[in-house]
Amino acid sequence: MTRRSCTLYAVGVICGTLLVVGIGLLVSQVFRTFMHNRLKKEIVLVEGSRVFESWKSPPPPVYMEYFFFNVTNVNEFLERGAKPVVKQIGPYTYREYRTKDNVSMVENGEKVSAYNTKSFVFLREKSVGDPAVDNITTVNIPAWAVMNELKGSFWKASMVSVWMNSLGSGLFTTRTVDELLWGYDDPLLARIASIKTVEKVFGLMYKKNGSHSGEFVYHTGEQNYMDYGHVETWKGQRKLDFWTSNQSNSINGSDGSAFHPFLDKNERIYIFTPDLCRSIYMEFEKDVEVKGIPAYRFTPPRSVLASKEENPANEGFCVTPKECLGTGLLKVSPCRKGAPVVASFPHFYLGEEKYVAAIEGMSPKREHHQTYLDLNPTTGVIVRANKRAQINILLSRISGFPKTRDLNDTIFPVMFINETVVIDDASAARVLKLLLIVTLVSNFPLLIVGLGAIMLAILIILLYRAHKQKNEVKHTVFTKPLYATSNEEDTSYSAVSDKEKEDPQNGTYIGLTAKSEPQE
C-alpha cells in the first residue's frame with residue numbers, strides 16, 4: 001500500500017468515526033442531558049449550592065420608588081361634585097435591603113423556612129424632594145377605615161361623626177411624605193383607642209421598615225426542579241382564608257425571589273405576594289437581553305385583575321357579590337382590617353376606561369406602569385424586574401356620616417410603588433460564564449460533527465487530486481527514449497577513427513560527436 005493510499009484510508013476512517021460519534025451524541029442528547037442534570041442539582045435551596053447564599057442575601061441593589069397623587073381641588077370635589085384633579089409627585093426613592101433571616105432546613109431537609117426581612121434607606125439623589133418637608137393632600141385613610149367599620153351601626157357612626165368634627169378629621173388630609181409612609185399619630189384613632197384596642201399610629205409603610213411579613217416555608221427543588229423556590233406555607237397556612245373560593249385562596253408559585261431553571265415560553269409563572277393577599281400569574285411577552293444575558297419577559301395579563309364577567313375564575317376575589325369591582329381592580333379589605341383599600345396597576349393600567357376617566361391626571365402607559373420580570377430561561381435568574389402597584393381607596397356614601405352624602409362611588413388613587421432591580425455586573429459576569437460552559441458542553445457533539453465535516457472535505461479534496469493525477473499519467477505520450485540527452489539535430493554518429501575499430505566481443509566502437517555544418 002502506497003503512502004498516498006494510507007493517507008486516504010486514515011482520513012476516511014477519522015472522518016467516518018467523527019461523524020458517526022458526533023451524530024450519535026447529538027441525537028441521544030447525552031451532553032445536553034448531563035449539563036441540565038448538573039444544573040438541576042446546583043440550583044437548589046440547600047447549604048453549599050450555587051444559589052443558596054445569593055438567595056439568602058441577594059447582591060443586586062433593589063430600589064423602591066414611591067409616587068403620590070396630590071389632590072388639588074378637594075373643596076370642589078366634596079362640595080360641588082367636581083371631577084377630582086390629582087398631580088403625580090415623585091419619586092421618593094429608597095434603597096431596599098432584603099435578607100432571609102432564621103433560615104433553617106425542615107422536613108428532613110426537603111424544605112427550608114425563612115423570614116423575609118426588608119429595610120429601607122432614603123436616597124436623596126434619586127428623589128424629587130425631602131420627604132420630611134414635602135406635603136401631600138390625599139384621602140384620610142384612617143377616617144375612611146373607621147367609617148367603613150361602623151357603617152352598619154347608625155348610633156356608633158353618629159358618635160364618631162361628632163368626634164371627627166370636633167377633632168377636625170376630614171375626608172382628606174395633608175401630611176408630609178414621611179408621615180404618610182412611616183406613620184403619624186392620628187387624632188381620631190387616638191380617641192377610639194380610649195374605648196377600643198386599635199393602633200393609634202397610621203402609615204402606609206408603618207412597621208414595615210426592618211420587619212418581615214411572616215414565616216415562609218419553601219421547596220428546595222431537590223425532589224423536583226420545577227418546585228424550586230415554591231412557597232409551601234405562609235404563616236403556617238397552606239391556603240389563605242381571605243377569599244370566597246379555594247382557587248382564590250390557593251398559595252401558588254414562589255415569592256418572587258426564585259424561579260426554576262429551564263423556563264418555557266408557554267408556561268405561566270405564579271407568584272404569591274402578601275401585599276396583595278393572593279397569588280398572581282405572569283405570561284411570556286417577548287425576548288429581551290440585559291447586560292448580554294438573554295432573558296424572557298413575563299408580565300401579568302389583563303385577566304389577572306379582570307372582572308368576574310371577563311374571567312369567571314376571579315369571582316372568588318369578590319368580598320361579597322355586591323362588592324365585586326370591575327376589571328383592573330382588587331379590593332383587599334379582607335386582609336387590611338376592613339379598610340376600603342383597592343389595589344390596581346399604576347394609573348389603572350389594564351383597567352376599565354371608566355376608572356381612568358373618573359380622575360383627572362390619570363394617564364396609563366405600558367412603559368411606565370407595567371409590571372414585568374426578565375428571567376434567564378436556562379438558570380431562572382432574575383436579570384431585571386419592575387414590580388408596580390397602586391393603592392386606592394373606595395370612596396362612597398356611608399350612612400351616619402353626613403359629609404359623605406353627596407359622594408358617588410369613586411376609586412381614588414393615593415400612591416403607587418415601583419420596585420426595581422437590575423442584575424449587578426459581578427453577578428452578570430458569573431451568569432454569562434455559566435451560560436458559556438452550558439453552551440459549550442451541550443453543543444460538544446456539534447463540534448465533533450463539525451470536525452468530521454472538515455475531515456470529509458479534506459478526504460474529498462485528496463480523492464479528487466489522486467484521480468486527477470492518475471488520469472494525467474494515462475494520457476502521457478513518450479516520443480523519445482527517456483535516456484536521450486540532446487536533440488537529434490544536434491548530434492550524429494561517427495567512427496572513432498578512419499577505420500572503425502572492432503571489438504571481438506562488443507562489436508564496433510561508435511563515437512558520438514557534434515554534427516558539423518556542411519562546408520561550401
Side-chain angles (χ1 to χ4, degrees), residues 36 39-40 43-45 51 54-55 58 60 62 98 100 111-112 116 213 216-221 223-234 238-240 247-290 293-306 311 313-314 316-317 328 330 343 345 349-350 366 369-389 417-423 427 431 435:
H36 283 198
L39 277 179
K40 290 173 185 176
I43 302 178
V44 290
L45 297 180
V51 298
S54 60
W55 174 76
V62 180
R98 294 181 171 193
K100 287 185 168 58
K111 297 179 178 66
V112 57
N116 298 331
S213 57
F216 283 83
V217 174
Y218 304 90
H219 288 270
T220 62
Q223 284 69 40
N224 184 353
Y225 79 97
M226 293 291 288
D227 291 334
Y228 166 72
H230 280 197
V231 178
E232 172 71 7
T233 62
W234 175 58
R238 293 180 183 271
K239 281 185 174 293
L240 307 173
Q247 182 177 354
S248 299
N249 281 318
S250 296
I251 297 176
N252 298 319
S254 74
D255 65 349
S257 63
F259 297 91
H260 68 79
F262 309 115
L263 292 163
D264 190 275
K265 291 181 179 180
N266 297 318
E267 70 177 292
R268 276 184 171 178
I269 291 178
Y270 285 86
I271 300 172
F272 170 67
T273 167
D275 293 334
L276 292 178
C277 317
R278 61 164 289 188
S279 299
I280 66 169
Y281 54 85
M282 307 177 82
E283 296 176 346
F284 174 80
E285 182 184 274
K286 62 181 179 180
D287 290 285
V288 296
E289 185 177 289
V290 180
I293 302 172
Y296 292 166
R297 173 162 292 181
F298 288 86
T299 63
R302 179 183 170 94
S303 58
V304 170
L305 296 182
N311 184 5
N314 286 343
F317 293 113
L330 174 69
F345 293 115
Y349 172 70
L350 294 182
R366 186 178 72 169
H369 306 135
Q370 181 189 50
T371 290
Y372 64 82
L373 274 171
D374 293 340
L375 305 174
N376 175 252
T378 302
T379 62
V381 170
I382 301 171
V383 294
R384 180 170 56 197
N386 275 72
K387 175 187 173 184
R388 291 156 171 161
I417 63 170
N418 181 25
E419 192 175 26
T420 66
V421 62
V422 178
I423 190 170
S427 298
V431 172
L435 293 178

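Bear in mind the structure is a predicted one, so any value in this text is a computation, not a measurement.
- Within the 4.5 Å cutoff, side-chain heavy atoms of Val62 are placed close to those of Glu419.
- Taking both residues in full, the closest heavy atoms of Leu373 and Met282 are given as CD1-SD, 3.7 Å, listed atom of the first, atom of the second, then distance.
- With contacts defined as side-chain heavy-atom distances shorter than 4.5 Å, the pair Val288/Arg384 qualifies.
- For the side-chain contact (heavy atoms from CB on, under 4.5 Å) criterion with Ile423, the lone passing option out of Ile293, Asn376, Asp374 is Ile293.
- Closest approach of Met226 to Glu267, counting heavy atoms only: CE-OE1, 4.4 Å.
- Using modelled atom types, one side-chain atom of Trp234 and one backbone atom of Ser213 make a donor-acceptor pair closer than 3.5 Å.
- The shortest non-hydrogen separation linking Tyr218 to Gly229 is CD2-O, 3.5 Å.
- Between the CD1 atom of Ile382 and the OG atom of Ser257 there is a distance of 6.5 Å, given to the nearest 0.5 Å.
- Interatomic distance, Glu285 CD to Tyr372 OH, rounded to the nearest 0.5 Å: 10.0 Å.
- Contact between Tyr228 and Thr220 at its shortest, heavy atoms only, is CD1-O, 3.5 Å.
- Two residues are said to be in side-chain contact when any heavy atoms from C-beta on lie closer than 4.5 Å; Phe345 and Arg388 fail this criterion.
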- Message: I'd like to know whether Tyr225 forms a side chain to side chain contact (heavy atoms under 4.5 Å, CB included) with Ile43, so could you lay out the CA-CA distance, the side-chain angles of the two residues, the decisive distance to 0.1 Å, and finally the verdict.
- Response: CA-CA 8 Å; Tyr225 79 97; Ile43 302 178; over 6 Å; no

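- Under the 4.5 Å side-chain criterion, counting only non-hydrogen atoms from C-beta, Lys100 is not in contact with Phe216.
- In this structure, Asn314 contributes its side chain and Ala306 its backbone to a donor-acceptor pair below 3.5 Å.
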- What do the steps show when you test Ile251 against Leu240 for side chain to side chain contact (heavy atoms under 4.5 Å, CB included), and what is the final call? CA-CA 7 Å; Ile251 297 176; Leu240 307 173; 4.0 Å; yes

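- Taken from CG in Leu45 to NE2 in His219, the straight-line distance is 11.0 Å, to the nearest 0.5 Å.
- Taking 4.5 Å as the limit, some side-chain heavy atom of Ile271 sits within range of a side-chain heavy atom of Phe259.
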- Residues Asn116, Asp255; criterion side chain to side chain contact (heavy atoms under 4.5 Å, CB included); working and verdict: CA-CA 10 Å; Asn116 298 331; Asp255 65 349; 3.1 Å; yes

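- To the nearest 0.5 Å, atom NE2 of residue His260 and atom OG1 of residue Thr379 are 11.5 Å apart.
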- Task: Test side-chain hydrogen bond (donor to acceptor under 3.5 Å, both in side chains) on Tyr281 and Ser303 and set out the steps.
- Result: CA-CA 9 Å; Tyr281 54 85; Ser303 58; 2.8 Å; yes

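- Rounding to the nearest 0.5 Å gives a distance of 11.0 Å between CZ of Arg302 and CG of Asn311.
- Under the side-chain contact (heavy atoms from CB on, under 4.5 Å) rule, Ser279 has a single partner from Val304, Thr273, Asn252, which is Asn252.
- Heavy-atom contacts from other residues, nucleotides or ligands closer than 6.0 Å to CZ of Arg268 number more than 12.
- Listed here is the closest heavy atom pair of Ala295 and Pro377: CA-CD, 4.0 Å.
- Nearest heavy-atom pair, Tyr296 versus Lys265, reported as atom, atom and distance to 0.1 Å: CE2-CE, 3.4 Å.
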- Message: Using side chain to side chain contact (heavy atoms under 4.5 Å, CB included), reason through Thr371 and Ile280 one step at a time and then give a plain yes or no.
- Response: CA-CA 12 Å; Thr371 290; Ile280 66 169; 5.8 Å; no

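- In the displayed structure, Glu289 atom CD is contacted under 6.0 Å by more than 12 heavy atoms of other residues, nucleotides or ligands.
- Applying the side chain to side chain donor-acceptor pair (under 3.5 Å) test between Asn386 and each of Thr299, Thr420, Asn418 identifies Asn418 as the sole match.
- Remark: Asn266 CG to Glu283 CD distance equals 10.0 Å, nearest 0.5 Å.
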